[in-house]
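One structure is given below, encoded as structure tokens.
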Amino acid sequence: MSSDMERLRREISLPDTAAAFGVALQKDGSEWVALCPFHVEDTPSFTIFTGRDNIQRYHCFGCGEHGDVLDFVQIIKGVDLKEAIRILGGGKAGPNIAPRKVEVRDVYAGIVPLDPPQEIEPRQRVKLYNPKRAGTEREWGSFAPSMIFPYRRADGSLLGYVLRRELPDGGKETPMVMWVRLPDGTECWARFPFPKPRPLYGLDALDRDSQVIVVEGEKCRDALAKVTFRQFVSWPGGTQGVKHTDWSPLAGRNVVIWPDADGPGLSTANEIAGIVSQLGCKTRIMDVAGGAQ
């Protein structure tokens, strides 16, 4: 039995199993995220990752459920270990249990963001605390970012970073990082989302009168600002971050939105246009085929 369990843990894909049981996973760097199937929530807190022993595991930082593919099947189907093994071997599975209502834990509780005493350099390894992995083997990690994007306040003071990490499979991840004080008093860099509302990227470079062009992605913003010497801004968090961003510094300005040339990009551009128009901006969305709308 134990050898069969070990084989199942190593050979059966947890993401594929979760997806087959109705969990809508989204890729997030080297991990997968989703709304937790075990409790009611509106913001994804369920994560699938590969442990250092190369076994895929899940962890929900909302309700605290965690385990491997065998644990996942037992919980989502409400069965014992023997039945979970039968299901994973191709046996028919019953319906999922209903997600329960729980008091969601705040994994960032007690962690205080501070002004950084030092700056992060590109391609220099940085050690990061991960609140979502507290108490696990992945609580601390490190990597050498291929690119760094410093987020600064309007006065130029450093708030934190978005770091770009290249993954072995050709993907990337771009976590928000801040200098924090942990509940035990330790001060360190941590994967920590910027407080809401979050600042624009390029905020410190804005002057008071010139037209502002909004683009998606810090890398794009930096490249265009460098070659055109015009005012470009972006925002943290991609398409899901628009609603958490402080757009008020653009109030009353002439704003052009340069969208990514795909469906989500155009939808995001329209969302931003609606927000800045309410701030009294003269707003146009660039036609990616040429011209402006």
Side-chain angles (χ1 to χ4, degrees), residues 1-109 130-139 141 167-173 175 191 193 237-241 243-244 263-264 267:
M1 174 71 78
S2 60
S3 61
D4 289 340
M5 291 168 56
E6 185 68 14
R7 179 181 59 81
L8 291 172
R9 289 189 178 101
R10 293 191 177 278
E11 294 182 1
I12 294 183
S13 167
L14 178 52
D16 288 350
T17 301
F21 292 159
V23 181
L25 297 168
Q26 291 187 328
K27 200 77 166 66
D28 182 21
S30 61
E31 302 180 346
W32 297 87
V33 297
L35 294 175
C36 181
F38 308 131
H39 80 276
V40 178
E41 65 176 0
D42 298 319
T43 302
S45 61
F46 179 83
T47 303
I48 294 176
F49 61 95
T50 301
R52 293 195 174 118
D53 57 1
N54 291 319
I55 292 178
Q56 292 177 325
R57 292 184 170 84
Y58 65 89
H59 185 92
C60 176
F61 60 85
C63 66
E65 290 287 359
H66 61 279
D68 55 34
V69 67
L70 290 170
D71 300 307
F72 177 82
V73 175
Q74 289 180 78
I75 296 174
I76 199 169
K77 295 301 181 183
V79 298
D80 60 18
L81 177 59
K82 183 177 179 180
E83 181 65 8
I85 292 173
R86 188 191 66 80
I87 292 171
L88 289 172
K92 185 176 180 180
N96 294 350
I97 62 167
R100 65 188 187 277
K101 293 184 178 180
V102 300
E103 183 176 349
V104 177
R105 300 179 304 140
D106 180 4
V107 298
Y108 302 107
N130 189 345
K132 293 183 181 180
R133 300 287 175 267
T136 74
E137 63 179 15
R138 295 163 64 92
E139 184 172 16
L167 300 173
D169 64 0
K172 66 176 182 179
E173 67 164 341
R191 293 174 180 256
T239 57
Q240 299 301 315
K243 59 182 175 291
H244 301 309
S267 177

Does the side-chain contact (heavy atoms from CB on, under 4.5 Å) test come out yes or no for E41 and H39, once each step is laid out?
CA-CA 6 Å; E41 65 176 0; H39 80 276; 3.1 Å; yes
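- Here the straight-line distance linking atom CG of L88 with atom CD1 of I12 works out to 4.5 Å at 0.5 Å rounding.
- Within the 3.5 Å criterion, the main-chain N or O of F21 finds a donor-acceptor partner in the side chain of N96.
- Contacts classified as side-chain hydrogen bond (donor to acceptor under 3.5 Å, both in side chains) and involving residues 83-94 (residues at least two apart or in different chains) are given here: E83-R86.
- Considering only heavy atoms from C-beta on, D71 stays 4.5 Å or farther from H66 through its side chain.
- Although no hydrogens or angles enter the test, the distance criterion places no donor-acceptor pair under 3.5 Å between the side chain of E31 and the main chain of F49.
- Applying the 6.0 Å contact sphere to NZ of K243 captures more than 12 heavy atoms from other residues, nucleotides or ligands.
- Here the rule is side-chain contact (heavy atoms from CB on, under 4.5 Å) with R9, and of L70, D53, N54 only L70 fits it.
- The CG atom of D28 sits 7.5 Å away from atom OG1 of T47, with the distance rounded to the nearest 0.5 Å.
- Annotation for I87 and A93: closest pair CG2-CB, 3.8 Å, computed over non-hydrogen atoms.
- Residue A34 comes nearest to A24 through the heavy atom pair CB-O, 3.4 Å, listed as atom of the first residue, atom of the second, then distance.
- In terms of heavy-atom proximity, F61 sits nearest to P44 at CZ-O, 3.8 Å.
- Listed here is the closest heavy atom pair of I75 and Y58: CD1-OH, 3.3 Å.
- To the nearest 0.5 Å, the span separating NZ on K27 from CH2 on W32 amounts to 5.5 Å.
- Here the straight-line distance linking atom OG of S45 with atom NE2 of H59 works out to 9.0 Å at 0.5 Å rounding.
- The six-membered or imidazole ring of F72 lies near that of F38, with a centre-to-centre distance under 6.0 Å.
- Atom CG of D80 is surrounded by more than 12 heavy atoms from other residues, nucleotides or ligands within 6.0 Å.
- Distance check, rounded to the nearest 0.5 Å: CE of M5 to CD1 of I85 gives 6.0 Å.
- By the 4.5 Å heavy-atom criterion applied to side chains, R191 and Y108 are not counted as neighbours.
- Q56 contributes no side-chain N or O that, together with a main-chain N or O of I48, makes up a donor-acceptor pair within less than 3.5 Å.
- Salt bridge status for E65 with R100: present, with a side-chain N to carboxylate O gap under 4.0 Å.
- Proximity of a side-chain donor or acceptor of K101 to a complementary backbone N or O of V40 within less than 3.5 Å is not detected.
- Heavy atoms only, all atoms of each residue included: V73 and V79 are closest at O-CG2, 3.9 Å.
- Listed here is the closest heavy atom pair of P37 and I76: CB-CD1, 4.0 Å.
- With rounding to the nearest 0.5 Å, the separation of CZ in R52 from CZ in R138 is 7.5 Å.
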